[in-house]
Protein chains: 2
Amino acid sequence: MTISAPEVAATMSTKTRLRLWLRLLKISRSVENNVREKLRVEFDSTLPRFDVLAALYQFPKGLRMSELSGLLKVSNGNVTGIVDRLVKDGLIIRTPVPGDRRALRVRLTKRGEEEFALQAAAHERWIDSLLSDVSLDEADHMISSFDQILANMNDKAGEAS
Amino acid sequence: MTISAPEVAATMSTKTRLRLWLRLLKISRSVENNVREKLRVEFDSTLPRFDVLAALYQFPKGLRMSELSGLLKVSNGNVTGIVDRLVKDGLIIRTPVPGDRRALRVRLTKRGEEEFALQAAAHERWIDSLLSDVSLDEADHMISSFDQILANMNDKAGEAS
DNA sequence: GGCATATATTTCAAGCTTAAAATATTTTTG
DNA sequence: CAAAAATATTTTAAGCTTGAAATATATGCC
C-alpha cells in the first residue's frame, strides 16, 4: 500500500490555513491595540465605545438595543453597560419606542454626532497610515478574497455575517 | 485651478484601506467567536486560557511571567489572573527562578500538556473547516501579503511583532 | 378575557483586559 | 557599601464580555 496523496495534501493545507489564521489574528490584534491606544490618548475613549458610536452614526433615527447588539455581534448585556456610560457622558440618549414599552431606541445626541465625526476622521487616518503599504489593487483583491471567505464561513458556522 | 489628481487618489485608497480593515476585523471576530464558543462547549475553557497553554506548549522549559505576557502581547497583570486559574486547575505550575527571587517560571504540567494536545488538535480542525475554501496557493499568497503588512506596520507604530 | 409563550431589556456572577500603583528584588552608581 | 534606578511581578480600580437568570411587556391561543 502506497502513501495516500490526498492525506498528505490535506495535512499540508491544514497547516497552511492554521498559519494563515495566526497571521490574520496577529494583524488584527496589532491594529486593534494601536487604535485602542490612540483612542485612549487622543480622545479618552475606548474601542467598544467607538464601535457603538459608529453603529449609531449610520442610523440617525437610532437603533433598538437588540438591533445594536445584533449589529455589533456582542451580547445584549454588554451593550447595556456601554450605552449606560455613553448616556452619562451625554453622547447618546435612550428614548421609548411608541407602541412597545419593552423596547428602547438609542441615538446620538448633537454632541455625540460632533464628537464621533472627529473620532471617525482620525480613525480613518490611523488605518490609512497603518496599512499605507497596501496598494489599491492589492486591497481590492484582498477584500474580494475576504468576502468569499466570509460567505463560505457563514455556511460552515452558525455565525452570521 | 484643476482638481488635484493625487488628492483624489489618496482619498480613494484611504477609503479602500478602511474597507479592507473592516473586512479583516469581521473575519477575525467571526473566527474568534466561533473558536471561543467551541472551546467553551467542548472543553469548558476560554480563548485566553488556550492562548496561554499554546505559548507554554512551545516552551517545555517554561517561560517567565513577563516573557509570557510579552509573547501574547497583553499586560502583565492580565496574565497573572489567567495563570492563577490555570494553576488552580492543575494545568500549569509556577516555579522559582534560581538566582532571581523576583521572577517566576511557568510551565505546563503533565496534565496540562495532555489537555492542550487535545485542544490544539481540535482547534486545527475548526480552523481548517472555517477556512476550507481557501486554497493552498491562495493561503500562501495571503500569508506573504500579511507578512509584508506586518513588517511595514511595525515601523509605522511602536507596536512590536 | 386569561393563560402560555415569546420578545426586549437589564441584572448578575465570573472571567478578561488595561493602565497605574504597589511590592519585592536586583543592578547601578556615586 | 548605600542610595538610587531598574526590573519582575502582583494588586487595584474601572471597564469590557459572556451566558444565564430575572423582569417587564407583548402576542397567541383557547
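A, B, ... follow the sequence lines: proteins, then strands. Residue 1 opens every chain.
Only one option out of A:Leu86, A:Leu63, A:Thr109, A:Asp51 pairs with A:Leu56 in a side-chain contact (heavy atoms from CB on, under 4.5 Å); it is A:Leu63.
Within the nucleic acid shown, A:Arg40 comes within 4.0 Å of sugar-phosphate atoms alone, with no base atom in reach, counting heavy atoms only. Nucleic acid contact class of A:Leu47 (heavy atoms, under 4.0 Å, all strands): none. Within 4.0 Å (heavy atoms only), A:Arg36 reaches no atom of the nucleic acid at all. Residue B:Arg105 is out of contact with every strand shown, counting any heavy-atom pair closer than 4.0 Å.
By the side chain to side chain contact (heavy atoms under 4.5 Å, CB included) test, A:Arg40 pairs with A:Glu37, sequence neighbours left out.
Remark: P of D:dA26 and CZ of A:Arg64 are 11 Å apart, rounded to the nearest angstrom. In this entry the distance linking CG of B:Asp84 with P of D:dT11 reads 7 Å, nearest Å.
B:Thr16 places a side-chain N or O within 3.5 Å of a backbone atom of B:Met12 that can act as its donor or acceptor partner. Although no hydrogens or angles enter the test, the distance criterion places a donor-acceptor pair under 3.5 Å between the side chain of B:Arg111 and the main chain of B:Asp89. Using a distance-only test at 3.5 Å, with no hydrogens or angles considered, no donor-acceptor pair links the side chain of B:Ser129 to the main chain of B:Arg125.
Contact annotation: A:Arg102 does not reach the phosphate of D:dT23 (side-chain N/O to OP1 or OP2, under 4.0 Å).
Summarising the local packing, CZ of A:Arg36 is surrounded by more than 12 heavy atoms from other residues, nucleotides or ligands at distances under 6.0 Å.
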Can you check nucleotides 14-17 of chain D for protein contacts, nitrogen or oxygen pairs under 3.5 Å, and list what you find?
from: D:dC16; atom 1: OP1; to: A:Thr46; atom 2: OG1; distance (Å): 3.0
from: D:dC16; atom 1: OP2; to: A:Arg85; atom 2: NE; distance (Å): 2.4
from: D:dC16; atom 1: OP2; to: A:Arg85; atom 2: NH2; distance (Å): 2.2
from: D:dT17; atom 1: OP2; to: A:Asn78; atom 2: ND2; distance (Å): 3.4
from: D:dT17; atom 1: O5'; to: A:Asn78; atom 2: ND2; distance (Å): 3.3

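With salt bridges taken as basic N to acidic carboxylate O contacts below 4.0 Å, none links B:Lys73 and A:Glu32. By the 4.0 Å N-to-carboxylate-O rule, B:Glu124 lies too far from A:Arg17 to be salt-bridged with it.
For DNA chain C, the contact window with chain B, defined by any atom under 4.0 Å from a protein heavy atom, covers C:dG15 to C:dT26 in 5' to 3' order.
Aromatic ring pairs are classed by plane angle as parallel below 30°, tilted from 30° to 60° and perpendicular above 60°; the pair B:His141 and A:His141 is perpendicular.
Each of A:Arg101 and A:Val79 was matched to the nucleotide of DNA chain D holding its nearest heavy atom; the match closer to the 5' end belongs to A:Val79.
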